[in-house]
Structure formats: C-alpha cells, structure tokens
Amino acid sequence: KEQAEAAVPAPPQAEAPAAVAPEAPPAEAGAQLAPAAALTDADIEARRLPCFRAVVKNDDVGLASLLEGVPTDVWSAWQNKAGKDLVALSEERGSSAAYAVLARALGIVQERKHSALEEGEVVWVLANGELQPRRATVKEDTPADAQDVLVEFWDGDAAASRI
C-alpha cells in the first residue's frame with residue numbers, strides 16, 4: 001500500500017511555478033494565471049480563450065480581471081475562430097456587462113461627470129426606461145458631488161421632486 005501511494009505522481013497544479021501567485025484569477029478550473037505585473041507573451045495568450053468565454057457568459061468581473069495587465073492593443077486584436085473580436089462577440093451575444101468593461105477600456109464610453117446646478121436652471125431629464133426626456137427647472141442650488149437634484153417638471157401638476 002505504501003508503495004502504491006509513493007508511485008502516484010502529484011497533480012500538475014501541486015507544483016506551481018514560482019511566477020504564479022496564489023491569488024491570481026483562475027483561467028479555467030484548476031489552472032492559475034500569472035499576476036498582471038509579470039505577464040509574458042505565453043501568459044497573455046493563456047488569457048485569450050478565457051476572455052472569450054467570460055464575454056459569452058457575460059462575466060464582467062472575470063473579464064476585467066483577465067484583461068488586467070494585457071495591453072489594450074493586444075486584446076482588442078484577438079479574434080475567435082469565427083473572426084469576431086471581444087467587442088463584436090459581446091454585441092452579438094447581448095453581453096451588456098462584458099461590453100461595458102470592454103467599451104470603458106477602449107474609451108468608447110465614459111462615465112458622465114455631474115456638474116453643479118443653480119436654482120432656476122432649465123434641464124432635460126431622461127428617466128430610465130423612457131424614450132423622451134422631460135424638461136424641468138432646478139429648484140435649489142446643487143453641488144457637483146450631490147447624489148440627487150430637486151427639480152420641478154414642466155409637464156403635469158406634480159410638486160417638485162428629487163431625482
């Protein structure tokens with residue numbers, strides 16, 4: 001019995017190379033990736049297929065961690081067997097969360113910065129799920145870092161509300 005146990009080779013994951021960090025995000029079950037700071041061409045290529053899988057699964061967190069440290073010009077040129085890049089695949093599959101990660105990294109979309117608003121200023125308000133914006137008047141001075149704004153809509157008789 002002792003001889004049988006000694007003859008069984010250790011699984012490949014047990015002898016991880018020194019460059020692999022234990023906290024590195026897994027590419028596949030049982031595999032580990034090199035940390036972003038020490039990526040080689042082989043490490044970058046090892047992230048290609050998992051990135052496509054993350055896009056298909058709409059896994060934005062996994063995709064962001066896989067892309068970390070990979071130059072944008074490298075991953076933006078990756079194509080799958082059908083000739084689709086990551087952005088095209090995310091659009092085709094309707095993977096909106098993955099698309100958001102890719103679009104932000106490529107500079108296609110940027111988060112809007114709020115500006116300070118003064119009382120009496122006229123604004124357009126586009127509510128989630130609505131196709132048409134509504135006109136409103138700001139009812140109090142609001143700093144740029146405020147989370148909501150007190151406005152009164154021009155249409156209807158509703159009192160001022162915070163949006």
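Across all non-hydrogen atoms, the minimal contact from Val125 to Ala136 is CG2-CB, 4.1 Å. Considering all non-hydrogen atoms of both residues, Leu66 and Ala54 come closest at CD1-CB, 4.4 Å. The two residues Trp75 and Leu67 have their closest heavy-atom pair at CG-CD2, 3.6 Å. The minimum heavy-atom distance between Val138 and Thr142, with the atom names listed, is CG1-OG1, 4.3 Å. Taking each heavy atom of Pro71 and Ile44 in turn, the nearest pair found is CD-CD1, 4.0 Å. Residues Phe52 and Gln79 approach most closely at CZ-C, 3.6 Å, considering heavy atoms.
Atom CD of Glu45 is separated from atom CG of Leu39 by 12.5 Å, given to the nearest 0.5 angstrom. Distance check, rounded to the nearest 0.5 Å: CG of Leu89 to SG of Cys51 gives 11.5 Å.
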Q) Should Leu86 and Tyr99 be marked as a side-chain contact (heavy atoms from CB on, under 4.5 Å) after you check the CA-CA gap, both sets of side-chain angles, and the distance that decides it? A) CA-CA 8 Å; Leu86 293 168; Tyr99 178 83; over 6 Å; no

Q.
Does Asp141 form a side-chain contact (heavy atoms from CB on, under 4.5 Å) with Leu117? I'd like the steps, not just the answer.
A. CA-CA 6 Å; Asp141 289 344; Leu117 299 170; over 6 Å; no

Q: Test side-chain contact (heavy atoms from CB on, under 4.5 Å) on Leu63 and Leu102 and set out the steps.
A: CA-CA 9 Å; Leu63 180 61; Leu102 298 169; 3.9 Å; yes

Name each donor-acceptor pair under 3.5 Å that joins a side chain in residues 146-159 to protein atoms two or more places apart or in another chain, with its distance.
| residue | atom | partner | partner atom | Å |
| --- | --- | --- | --- | --- |
| Glu152 | OE1 | Lys139 | NZ | 3.3 |
| Trp154 | NE1 | Thr137 | OG1 | 2.8 |
| Asp155 | OD1 | Arg134 | NE | 3.3 |
| Asp155 | OD1 | Arg134 | NH2 | 3.1 |
| Asp155 | OD2 | Arg134 | NE | 3.4 |

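Here the side chain of Asn80 pairs a donor or acceptor atom with the backbone of Lys84 at under 3.5 angstrom. For the pair Glu130 (side chain) and Ala127 (backbone), a donor-acceptor distance under 3.5 Å is absent. Although no hydrogens or angles enter the test, the distance criterion places a donor-acceptor pair under 3.5 Å between the side chain of Asn58 and the main chain of Ala97. Side-chain atoms of Asp85 do not come within 3.5 Å of backbone N or O of Trp78 as any donor-acceptor pair. Of the possible polar contacts, none joining the Ser76 side chain to the Val74 backbone as a donor-acceptor pair under 3.5 Å is found. Between the side chain of Ser95 and the backbone N or O of Ala98 there is no donor-acceptor pair closer than 3.5 Å.
Applying the 6.0 Å contact sphere to CZ of Arg93 captures no more than 12 heavy atoms from other residues, nucleotides or ligands.
Looking only at side-chain heavy atoms (C-beta outward), Arg53 and Leu49 come within less than 4.5 Å of each other.
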